Q: 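Below is a structure I'd like to ask you about.
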Amino acid sequence: MSIQIRTAALFARVTTSLTDIPWLPLADDAFQTQSARRILVLNLLMMVMYYIAARLGLQLQFENSQATPIWAPSGIALGMIFVFGYRLLPGVFVGALLANLADFYFKGNTGLLAMLSEHPSTLGASLLIGAGNTGESWLAAILMRYFFSARYVSDNVKNVLYFVLACLVAPMVSATVGVTTLVMLDFLPFSLYQTVWSTWWVGDVVGALILAPLLVWITFAEPGTWRSLLKKDVILVLTLVVGITAMCFLGWGEVVFFTSEAYLLLPLLMLVMLKFGRTLTLISVFIVSALAVAGTINDIGPFVRADQNTALILLQGFIGVAIISLLLLDAMHHERENAFAQLRQLNAVLEQRVMERTLQLEHSNRDLERSNKELDDFAYIASHDLKEPLRGIENQLSFLMEDYGDQLSNEVRERLGKVPPNIRRLENLINTLLHFSRVGRLDLAMGKVNLEKMLNEILATLEGRLQQERIDIRRPASLPTVYADHARVGELFRNLITNAFKYNDKPQRWIEIGCTETAQEGQVFYVRDNGIGIPAKHFDRIFQIFKRLHGQEKYGGGTGAGMTICKKIVEKHGGRIWLASTVGEGSTFYFTLHKTEAAHTDD
Ligand code: ADP
């Protein structure tokens, strides 16, 4: 890139960023919409406040230099302009001009007009000093407005840093213009330039640091803020602040420890900030600094030195550091509170979402339950109604065979003979379907079920077969008592045990029935065998109704509904059923029954 292009780009950047700076009344400034009369009144107020504060400050000026380490007007002007806008600058200018003119007037012993005609430079100096003071407020307000990312000074740490920067930089304008004017117009020897400049600067910096936040806060304060100050504990805190400050700076009680250690006030002020918030802290700082100035000019307190100016500068340094620390503390506290508030808000949104989702889920569950019920009802009605005509067909067929059997050819009789087994199979299927739909439709008859006792009964009914086929039943531990439907859980165990010895081709068959405790599922019951096993790809299929993995007559036959019914029973109890199996080695069917007594009564 050529030098010219680069220079042009830089120029464009600088000019755009300059036009971004709100040099004069801001577009978003509410003050713009104020009436002319109100603007005038506010300017007059600004002027009077500036004048009075300046006159008070000038009482403490350094060797007739018009520079004073105590300069409240800088804070008043900055606070007011930040709140009400740049249109208060005339008030600042006139207030500063009059205060300086008055200072020249009170120092001389002639009349005002005589002073102006004999020493016109007093007017010139006052005008220039006034302009410098106005420039300071203007620059500080621009810096604050431009860089602030939140409304109030200590709403966040970044704001505090920019505010401190504005308070440190802007007074340089006033100090430089003021002291240069005084030196140029022979009101001050050049040898004092540096001392007077630093006195001026420190006074303006600390004045702005203390008063601007206080004024801005007063104007932005919520309506209830002042009333909240009338509480008993607040009055106690203020008394404590006044008491300790008076011990430090006014020599109350004459405790040397206090009169020599100003920093003792810091923890107290920090506590006030954290416990009682901004308003009380800013008021406390104001009280501390007012009493501290009063004490220091009366030669009491930790900052007293051979000359008063040095003492006041040291005091201002202390107050400045204290207020910056407090503002930073407030900003961090505020940011933390904000983060918590955001977190709470997010939590609320999240909870709301969870609630909505739960509601949706409840709706879908209800829909699912309804459609399941409809399906069960349909299966029940269909199977019930199908049984009737089937019986008719069987009857008609037996009549046909009885009446015309001997007239039929062998081939026809043979063919007709194949119909009854099919009818019985169909009947079997219909009965199974009917049973399955009944399990789904009927409510569970819940009660305490002693599983150990129930298992004994089941095994007793199967004893003949188990002994005949020499099946070893293993029961590692006794089963617990659960809250369940006795008949249904009995059917569940019976189905699983029957399958366990049905699907087993080993010479030494065994079945293990037990219960384990897991952290996730609680009580888990199982029926294990050393049978033929099930390929993993069929784990889902075996729970589908009428699905068998073998030919119709293999392994003693079956309808393929047993596992489906088991699943239904377990799910009706709020549990789940699953299996682990290795082909050729055996299978384990696990299930849980989660319906507790309490949960059931809640239903
Ligand atoms: P059925 O026994 O009437 O065929 P089930 O629903 O009880 O119907 O079982 C479905 C299928 O699951 C069976 O056909 C069988 O293939 C398989 N099965 C069930 N239990 C076992 C088991 N313990 N070992 C091996 N296979 C099993």
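Indexing begins at 1, ligand by ligand and atom by atom, following the structure's order. The structure presented is a predicted model; accordingly, all values stated were derived computationally and were not measured.
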Q: Return the closest protein heavy atom for atom 10 (C) of ligand 1 as residue, atom name and distance.
A: K547 O, 3.7 Å
Q: With a 4.5 Å cut-off on side-chain heavy atoms, are S149 and N159 touching?
A: yes
Q: If we only count N/O pairs under 3.5 Å, is T564 in contact with ligand 1?
A: no
Q: Does an N or O anywhere in G562 fall below 3.5 Å from an N or O of ligand 1?
A: yes
Q: Answer yes or no: does an N/O atom from G558 fall short of 3.5 Å to an N/O atom of ligand 1?
A: no
Q: Where the closest heavy atom to atom 7 (O) of ligand 1 is concerned, which of N499, I534, N530 has it?
A: N499
Q: If you measure every N/O of G557 against every N/O of ligand 1, is any gap under 3.5 Å?
A: no
Q: Does R541 come within less than 4.0 angstrom of ligand 1, counting non-hydrogen atoms of the residue?
A: no
Q: Under a plain distance cut-off of 3.5 Å, with no hydrogens placed, do E356 and Q352 share a side-chain donor-acceptor pair?
A: yes
Q: Applying side chain to side chain contact (heavy atoms under 4.5 Å, CB included) to F539 and L579, what does each step give before you reach the verdict?
A: CA-CA 7 Å; F539 281 6; L579 69 143; 3.6 Å; yes
Q: Is there side-chain contact between V241 and I283, with at least one heavy-atom pair below 4.5 Å?
A: no
Q: Just do the side chain to side chain donor-acceptor pair (under 3.5 Å) check on H435 and E491 with the steps written out, would you?
A: CA-CA 12 Å; H435 178 59; E491 187 177 355; 2.4 Å; yes
Q: Any luck finding a side-chain donor-acceptor pair between H573 and R488 under 3.5 Å?
A: no
Q: Run the numbers for me: atoms of ligand 1, each under 4.0 Å from some heavy atom of S587, listed by number.
A: 24 (N)
